[in-house]
Amino acid sequence: MSWRVIARMDGALTAEPRSTRLLLGLPAVTVLAAAYLYPAFGTEPITTARFTGFVDGWLATVVPLAGILLGYDAVASERESGALLLSLSLPHGRDDLVLGKALGRVGLLSGVLLAAMVVGAGLVVYPFGRFVAAPFCGFVATTLAFGAIWTNLGIAASISTATKQRAFVIAFGLFVLFVLVWDGIASGLRLGLNRAGLVDGTLPGPVRFVFDLEPGAVFQRVTVGFLDPSAAVDGPWYLSEWAALVVFLLWLISPLALTYSRFAGSDLS
Amino acid sequence: MTAIAADGLSKRYATVTALDRISLSVEEGEIFGFLGPNGAGKSTFINVLLDFVRPTDGSVELFGHDCQTEGVAARDRIGVLPEGYSVFDRLTGRQHVEYARRSKDADDDPIEILDRVGVREAADRPASDYSKGMKQRLVLGMSLVGDPDLLILDEPTTGLDPNGAAEIRSILREERDRGAAIFFSSHILEQVEAICDRVAILQDGDLVAVDTIDGLRQSIGGGTKLLIDVDGLDEETVETVRAVDGVETATVRDGTTLEMTCTNDAKMNVVVELQRLGADVVNFRTEEASLEDMFVAYTGGGRE
């Protein structure tokens with residue numbers, strides 16, 4: 001169980017600096033602000049189930065930022081400085097190290113999100129809303145998993161290169177690509193194809209599938225399809241919420257698994 | 001049980017062979033010095049033991065556990081002071097030892113450990129503020145946690161003054177007396193000579209000698225070196241003497257003394273050769289060869 005020792009130390013070390021606290025405060029404040037505004041701006045009925053559809057778009061931007069910044073430095077700067085060698089001189093495997101780091105940092109983000117969601121639920125319910133347990137709990141779990149996806153992407157960037165700076169460039173590049181410009185590319189393509197008269201209205205299904213592989217899109221499709229009673233997913237089977245769920249789980253595991261296999265076989269000094 | 005058993009261990013990079021078929025074994029309870037000039041491959045060897053670096057060929061085991069395939073088990077009974085480490089930025093000295101203690105599932109008292117290596121006063125200061133020598137002591141302290149059966153130390157006295165180095169040596173002797181094997185690399189020969197049971201000399205990735213210090217002494221010139229005071233010693237004379245069969249090293253000390261290690265048979269030939277060159281031999285004596293002389297003999301003067 002040596003990953004526990006790593007997770008415990010790394011969690012404590014990561015939580016300490018003020019920058020981390022600000023970073024973790026961001027998704028928490030977002031959830032609370034959304035929960036505060038939702039009863040005023042949402043449509044009736046006000047329930048925690050329908051709140052999921054209100055807040056998921058915000059979270060699709062803020063959680064990736066927090067996750068990526070939390071993850072990118074997990075291993076790279078220790079590797080660059082040499083502190084990694086102290087850890088790996090002890091009876092820890094590289095698998096223990098990466099697992100411990102991932103669980104420590106995912107644990108931090110999850111703890112903050114969970115606390116914010118609990119308080120947020122209170123804000124939604126009080127005084128006129130209704131607490132609908134099952135979809136809301138599902139949404140909390142999905143959001144935590146979404147946070148884990150981005151933290152893991154950050155850690156994947158961290159173990160795939162030898163310096164903190166390069167890890168940051170890779171991790172932040174993923175954030176910019178998927179969160180900031182991805183939708184723009186899709187819209188641009190749609191506009192262009194429409195202009196050229198090749199498509200009418202929306203993009204063809206297979207192209208939409210490719211664009212919807214982005215983690216935030218998958219997160220929102222899972223939320224809409226399974227949890228938010230006010231909306232539904234339409235389109236062919238490969239655009240269904242079930243297909244999205246599979247992609248979602250793949251995002252959770254594969255980036256870290258793929259980069260780990262290279263990290264495990266590389267020379268560290 | 002054998003503490004370290006390397007079998008044909010090689011590490012090749014694109015253009016360099018860092019280790020060339022190294023085979024050696026270190027037994028329990030001995031202090032083994034690993035010598036070589038900078039860049040000879042000492043740290044590469046240690047990094048393979050710790051699985052920081054993967055060998056190209058061959059294998060190495062610690063207490064019967066392969067360092068690559070069973071790395072965690074191999075590192076379970078050892079304490080390490082690696083090369084090129086850095087301490088954790090935001091941890092105090094005490095927390096470092098605490099981390100090692102939890103990682104090894106040991107029950108040492110961190111303060112006792114810090115006291116033993118002489119950084120108790122700084123226990124609650126961030127280790128990143130320590131001087132180089134204090135960091136070295138701290139990491140040595142981490143390596144002592146859990147009474148390991150083998151200590152692997154890469155240049156343990158770097159950054160320490162002579163007193164500090166002597167303290168470290170006495171700690172290493174205590175550990176050996178407790179029954180631990182100690183494997184340490186160094187390019188500071190006096191320290192190795194003062195403490196090692198056996199030494200290995202590595203040069204350009206090749207193991208050129210493995211023996212006790214006395215054994216090494218015997219193998220070059222019966223363990224003595226020749227000091228010949230010559231009037232009007234010039235570089236040409238030195239070159240000629242160097243070319244005499246059986247002469248391992250020949251250097252000039254203080255401008256007038258020719259200092260050399262050679263086989264017993266060669267001693268007379270050297271004197272004859274000096275006579276032939278017309279050099280004026282003023283004095284002739286022998287001295288026990290130091291490890292440094294042997295080292296120079298083995299590595300061709302490549303010490304830095």
Side-chain angles (χ1 to χ4, degrees), chain A residues 1-21 70 73-101 103-105 108 158-159 162-164 260-269, chain B residues 11 13 18 43-44 46-56 62 65 68-92 95-106 126-128 135 138-139 142-143 145-146 148 151-154:
Chain A
M1 292 297 112
S2 97
W3 57 266
R4 276 194 199 166
V5 177
I6 307 251
R8 183 173 152 191
M9 182 180 83
D10 190 58
L13 272 183
T14 310
E16 202 173 281
R18 184 185 307 198
S19 56
T20 317
R21 294 184 192 175
L70 206 54
D73 197 19
V75 178
S77 65
E78 283 185 10
R79 182 170 176 182
E80 194 174 355
S81 73
L84 188 64
L85 302 184
L86 278 194
S87 282
L88 291 178
S89 295
L90 295 164
H92 300 301
R94 295 188 198 183
D95 49 354
D96 297 318
L97 181 96
V98 173
L99 187 66
K101 294 264 178 187
L103 291 177
R105 288 172 193 236
L108 279 181
S158 200
I159 62 175
T163 70
K164 179 177 173 172
Y260 174 74
S261 65
R262 235 192 86 199
F263 175 67
S266 61
D267 288 349
L268 295 179
S269 60
Chain B
K11 177 65 180 180
Y13 295 100
S43 291
T44 306
I46 290 179
N47 286 339
V48 173
L49 295 184
L50 303 174
D51 197 29
F52 299 159
V53 167
R54 302 285 152 85
T56 321
L62 299 179
H65 296 286
Q68 270 61 50
T69 58
E70 309 166 81
V72 175
R75 290 194 299 280
D76 201 35
R77 295 167 62 189
I78 72 174
V80 180
L81 193 161
E83 187 222 24
Y85 70 86
S86 116
V87 296
F88 291 96
D89 265 346
R90 293 187 297 273
L91 290 186
T92 64
Q95 285 167 326
H96 274 83
V97 178
E98 188 62 29
Y99 175 49
R101 194 188 62 74
R102 279 202 305 270
S103 299
K104 291 181 181 176
D105 208 8
S128 47
K135 287 176 183 167
L138 171 63
V139 177
M142 289 174 74
S143 77
V145 170
L151 285 168
I152 296 178
L153 313 168
D154 202 338

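Protein chains get the first letters and strands the later ones, always in sequence-line order, with residue 1 at the start of each.
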Scanning both residues in full, the closest heavy-atom pair of A/Pro91 with B/Ser103 reads CG-O, 4.0 Å

Could you please state which residues from residues 69-79 of chain B sit under 4.5 angstrom from chain A, measuring non-hydrogen atom to non-hydrogen atom, sorted by number, or 'none'? B/Val72, B/Arg75, B/Asp76

How would you list all residue pairs meeting salt bridge (charged side-chain N to carboxylate O under 4.0 Å, His left out) that involve residues 73-85 of chain A, not counting sequence neighbours? A/Asp73-A/Lys164, A/Glu78-A/Lys101

Please report the C-alpha distance between A/Leu86 and B/Tyr99 in whole Å, then the side-chain angles of each, then the deciding distance to 0.1 Å, and finally whether the side chain to side chain contact (heavy atoms under 4.5 Å, CB included) criterion is met. CA-CA 10 Å; A/Leu86 278 194; B/Tyr99 175 49; 5.8 Å; no

Least distance between heavy atoms, B/Phe88 atom then A/Ala83 atom: CZ-O, 3.7 Å

Distance check, rounded to the nearest 0.5 Å: A/Leu85 atom CG versus B/Asn47 atom CG? 7.0 Å

Pick from B/Lys104, B/Arg102, B/Glu98, B/Gln68 with the largest number of heavy-atom pairs that fall under 4.5 Å of chain A: B/Arg102

Report yes if the side chains of A/Pro17 and B/Arg90 come closer than 4.5 Å at any heavy-atom pair, otherwise no. yes

Could you walk me through whether A/Leu88 and B/Asp51 pass the side chain to side chain contact (heavy atoms under 4.5 Å, CB included) check? CA-CA 8 Å; A/Leu88 291 178; B/Asp51 197 29; over 6 Å; no

A/Ser77 versus chain B, heavy atoms under 4.5 Å apart: side chain, backbone, both or neither? neither

Give, as side chain, backbone, both or neither, the part of B/Val48 having an atom under 4.5 angstrom from any heavy atom of chain A. neither

Other residues, nucleotides and ligands only: do more than 12 of their heavy atoms fall within 6.0 Å of CZ on A/Arg8? no

If you count heavy-atom pairs under 4.5 Å between each of B/Leu91, B/Asp105, B/Leu50, B/Thr44 and chain A, which one has the most? B/Leu91

Heavy-atom pairs under 4.5 Å with chain A, option from B/Ile152, B/Leu81, B/Val80 with the top count: B/Val80

Part of B/Gln95 within contact of chain A (heavy atom distance under 4.5 Å): neither

